[in-house]
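The structure presented is a predicted model; accordingly, all values stated were derived computationally and were not measured.
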Amino acid sequence: MPPVTEPGPPRGLLLDIGGVVHATGIDLVGRLAEAEPAMRPVLERIGGVGSERDELWQQMLRRQLTEREYWARRAAELGSAVGESWDTRAMMHRMYELPRQDWLRTEMVDLMTDTRAAGLRLGALTNDMTDFHGADWVARQEHLKLFDVIIDAGLLGVLKPDPRAFGLAAGELGLAPEQIVFLDDMPWNVEGARQVGLRAVRVPWDDPGQAIDTARELLGLPARAGRLGSVNDS
């Protein structure tokens, strides 16, 4: 029997977009409601997007409806509250009119920049970016040009967590799955990636910091500036 060999160090980083590079819709809907007070009664009734009282969100977590179905239904409801007819793209357009610092995670962009500077491959694997935002919006985003490859699974008809989506991404990066660190905010995508062999790390909806730190450690990148020289005072 041949000896078991340990996988080598990761040679690439693969990122989800919404909820990872961009702030999660949980936060952005709340921020939009600050400018659109008519949305507030809807959010108060469900305890905010993603809360335990948000039954549609809980159904999504139970895999009883898809992310696309969730956001389509919420968009219609919130649009009606402000007297407009919103599909998901219309709601996303309104949310991403917020100041860039409200939705673009600078520490994640720093991770992307450092990954490129280290000579590692950098890719994005998204299910819905073009569907939610439109191709013109995607083309205008300078931070997305940092990626060596962007795989929009929604355009290919093979969505995460289908193993084929991760296989396509690995192929585009030119790496074996075991050589890739993958960050995603949805638990089932993280589990699907792990089953294929990627070194998958879940990004919590409330704070991406620990996931960024883990990715940096796995990739052999310098710690975040806020983590440099930190000590345990206990």
Side-chain angles (χ1 to χ4, degrees), residues 6-28 50 57 60-61 63 67 103-129 143-144 146-154 158-228 230 232:
E6 294 294 327
R11 298 299 306 159
L13 175 65
L14 184 64
L15 300 175
D16 182 28
I17 298 296
V20 177
V21 178
H22 301 164
T24 176
I26 294 173
D27 293 331
L28 294 180
W57 186 271
M60 183 184 70
L61 293 182
R63 309 302 304 279
E67 291 178 67
W103 56 263
L104 182 59
R105 287 176 165 164
T106 56
E107 288 189 314
M108 201 64 74
V109 176
D110 290 343
L111 172 62
M112 294 159 58
T113 301
D114 290 350
T115 296
R116 289 290 301 269
L120 304 175
R121 295 283 284 165
L122 177 64
L125 177 60
T126 170
N127 275 353
D128 299 304
M129 184 165 63
H143 64 284
L144 296 178
L146 288 168
F147 288 108
D148 295 308
V149 295
I150 296 178
I151 300 93
D152 193 325
V158 181
L159 301 180
K160 298 174 294 182
D162 190 313
R164 292 175 294 173
F166 300 111
L168 287 168
E172 288 293 323
L173 286 171
L175 299 172
E178 295 79 9
Q179 295 177 299
I180 300 170
V181 175
F182 173 63
L183 271 59
D184 200 294
D185 63 318
M186 289 299 178
W188 48 84
N189 293 337
V190 172
E191 179 58 31
R194 287 174 178 165
Q195 291 179 3
V196 174
L198 280 72
R199 305 187 192 194
V201 179
R202 179 161 181 259
V203 179
W205 294 309
D206 57 345
D207 182 7
Q210 184 59 54
I212 293 172
D213 293 337
T214 300
R216 285 183 170 278
E217 183 176 357
L218 289 170
L219 293 165
L221 298 175
R224 287 185 294 153
R227 301 276 297 182
L228 291 175
S230 62
N232 187 340

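One distance of note links CD1 of I180 with CZ of R121; it measures 10.0 Å at 0.5 Å rounding. Note: D206 CG to D27 CG = 8.5 Å, rounded to the nearest 0.5 Å. Note that CZ of F147 is 4.0 Å distant from CD1 of I17, once rounded to the nearest 0.5 Å. Summarising the geometry, atom OG1 belonging to T115 is positioned 4.5 Å from atom CG belonging to L13; distances are rounded to the nearest 0.5 Å. Note that CE of M112 is 14.0 Å distant from CD of E107, once rounded to the nearest 0.5 Å. Within the model, atoms CG of L15 and CG of D185 stand 11.5 Å from one another, a figure rounded to the nearest 0.5 Å.
Inter-residue side-chain proximity for R199 and P10 is flagged as met; some heavy-atom pair is nearer than 4.5 Å. Using a 4.5 Å heavy-atom cutoff, the side chains of T126 and I151 are not in contact. Within the 4.5 Å cutoff, the side chain of K160 has heavy atoms near those of the F166 side chain. You'll find the side chain of Q210 stays beyond 4.5 Å of the side chain of V203, heavy atoms only. Between L198 and V181 there is no side-chain heavy-atom pair separated by less than 4.5 Å. A heavy-atom distance below 4.5 Å is not found between the side chains of P163 and Q195. With a 4.5 Å cut-off on side-chain heavy atoms, E67 and M186 count as touching. The closest side-chain heavy-atom distance from H22 to L28 is not below 4.5 Å.
Using a 4.0 Å cut-off between charged nitrogen and carboxylate oxygen, D110 and R224 do not count as a salt-bridge pair. Note on D184 versus R202: no salt bridge recorded, every NZ/NE/NH1/NH2 to OD/OE distance being 4.0 Å or above.
Closest heavy-atom contact between A118 and L221: CB-CD2, 3.6 Å. Scanning all heavy atoms of the two residues, the minimum distance from L125 to A169 falls at CD2-CB, 4.2 Å. A pairwise comparison of heavy atoms in V196 and P177 identifies O-CB, 3.7 Å as the closest pair. Here the closest heavy-atom approach between residue V109 and residue L104 is recorded as CG2-CD1, 3.8 Å. Of all heavy-atom pairs between M108 and P208, the closest is CE-CB, 4.3 Å. The shortest non-hydrogen separation linking T24 to R105 is N-NH2, 4.0 Å.
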Worksheet item: Can you check side chain to side chain contact (heavy atoms under 4.5 Å, CB included) on D16 and V21, steps first, answer last?
Response: CA-CA 7 Å; D16 182 28; V21 178; over 6 Å; no

